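Since this is a predicted model, take the numbers as computed values, not measurements.
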Amino acid sequence: MSKRNKHAQSLLLVCAASLITSLNSSNAQADESQLDSSPQTATQAPLEDQFFEGFIADLSFGYSNLEPEAPSNIWTQNRDHGAAFAVGVGYQFTNQFSITLRYYDFHTINLNSSDPLYDDVSIEYRVLELAGTYRFTQLWGSQFAPFILGGVGYLDPKIKGDTDSVTTEEDYHLAYGAGISLSPMKHGMFDLVWQSMAGDVDLISLRLTEDVPN
């Protein structure tokens, strides 16, 4: 074999060895990159499965229906529905269960008198409520998860007008309701809620719940 051929073969062997070494190095780097990124992938949970525990605050806006019992047929109620809002603070214990203290302010009820001897009356409804909420997240996650709520409320109506003829009583009552989680967020929930209070108060509302930073 000539010296030229031997030299060419040597160059080919050197190039092949270099190529194999380069490929092996690239594969090793790729394996290390996958090992480094796999823990991060494992720790990233979908937003609907993320859970926050601690103090929470919520804000509700809704539409209420009030049907108080008139003291007699002298007064007639001019309307029974209107806007309502509520604010609350509470604590989220688990992904399913929380307890919240809320203050509700409802629209004013006007009772019109058909007797000239009696004045018209307006009644303002305010409710303080302590209620627990349980979310059925085990069904299909937090998004569109149904929930139920129940607790105790304190009704404090205020009368304006003929207070001698129309009286109200402070009332403790059971409150209950149900709803559905419309959309989970990173630090809270956005819900559609229906509630019944004191036997003559119904409320449907949109509620935004956020965790309180420590």
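- Proximity of a side-chain donor or acceptor of Gln92 to a complementary backbone N or O of Thr94 within less than 3.5 Å is detected.
- The hydrophobic clustering, which links ILVMFWY residues whose side-chain heavy atoms are closer than 4.5 Å, places Ile148 and Trp140 together.
- A search for side chain to side chain donor-acceptor pair (under 3.5 Å) contacts involving Tyr63 returns His81, not counting sequence neighbours.
- Distance check, rounded to the nearest 0.5 Å: CD of Gln195 to CD of Glu129 gives 5.0 Å.
- In this structure Phe97 satisfies the ring pair (Phe, Tyr, Trp, His ring centres under 6.0 Å) test together with Phe93, sequence neighbours excluded.
- Under a hydrophobic clustering in which Ile, Leu, Val, Met, Phe, Trp and Tyr are joined whenever their side-chain heavy atoms come within less than 4.5 Å, directly or via other members, Phe61 and Val193 fall into different clusters.
- In this structure, Phe106 and Tyr125 have perpendicular ring planes: the angle between them is above 60°, well past the 30° mark.
- Linking ILVMFWY side-chain heavy atoms closer than 4.5 Å, directly or via other members, places Tyr103 and Leu130 in a single hydrophobic cluster.
- Linking Ile, Leu, Val, Met, Phe, Trp and Tyr whenever their side-chain heavy atoms come within less than 4.5 Å puts Leu192 and Leu139 in one cluster.
- Taking both residues in full, the closest heavy atoms of Ala86 and Tyr104 are given as CB-CD2, 3.4 Å, listed atom of the first, atom of the second, then distance.
- Partners of Ser60 by side chain to side chain donor-acceptor pair (under 3.5 Å), not counting sequence neighbours, listed by chain and number: Arg207.
- For the pair Phe147 and Ile180, the tightest heavy-atom approach, listed with the atom from each and the gap, is CE2-N, 3.3 Å.
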**Message:** Would Asp202 and Trp194 count as a side chain to side chain contact (heavy atoms under 4.5 Å, CB included) here? Give the steps.
**Reply:** CA-CA 8 Å; Asp202 291 305; Trp194 168 83; 4.0 Å; yes

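- Distance check, rounded to the nearest 0.5 Å: OG of Ser196 to CG of Leu203 gives 10.0 Å.
- In this structure, the ring pair (Phe, Tyr, Trp, His ring centres under 6.0 Å) partners of Phe136, at least two apart in sequence or on a different chain, are Tyr134.
- Under the side-chain contact (heavy atoms from CB on, under 4.5 Å) rule, Leu128 has a single partner from Leu101, Asp156, Val152, which is Leu101.
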**Prompt:** Given Phe85 and Asp105, is the side chain to side chain contact (heavy atoms under 4.5 Å, CB included) satisfied, shown in steps?
**Reply:** CA-CA 6 Å; Phe85 77 92; Asp105 194 338; 3.5 Å; yes

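- Heavy atoms only, all atoms of each residue included: Ile56 and Ser98 are closest at CD1-CB, 4.2 Å.
- Tyr154 approaches His173 most closely through the heavy-atom pair N-CE1, 3.8 Å.
- A search for side chain to side chain donor-acceptor pair (under 3.5 Å) contacts involving Arg102 returns Asp58, not counting sequence neighbours.
- Among residues two or more places apart in sequence or in another chain, the side chain to side chain donor-acceptor pair (under 3.5 Å) test is passed with Ser205 by none.
- Linking ILVMFWY residues whenever their side-chain heavy atoms come closer than 4.5 Å, directly or via other members, places Phe144 and Ile204 in the same cluster.
- Using a 4.5 Å cut-off on side-chain heavy atoms (C-beta onward), Met197 and Leu155 make no contact.
- The nearest pair of heavy atoms linking Thr209 to Asp191 is OG1-OD2, 4.4 Å.
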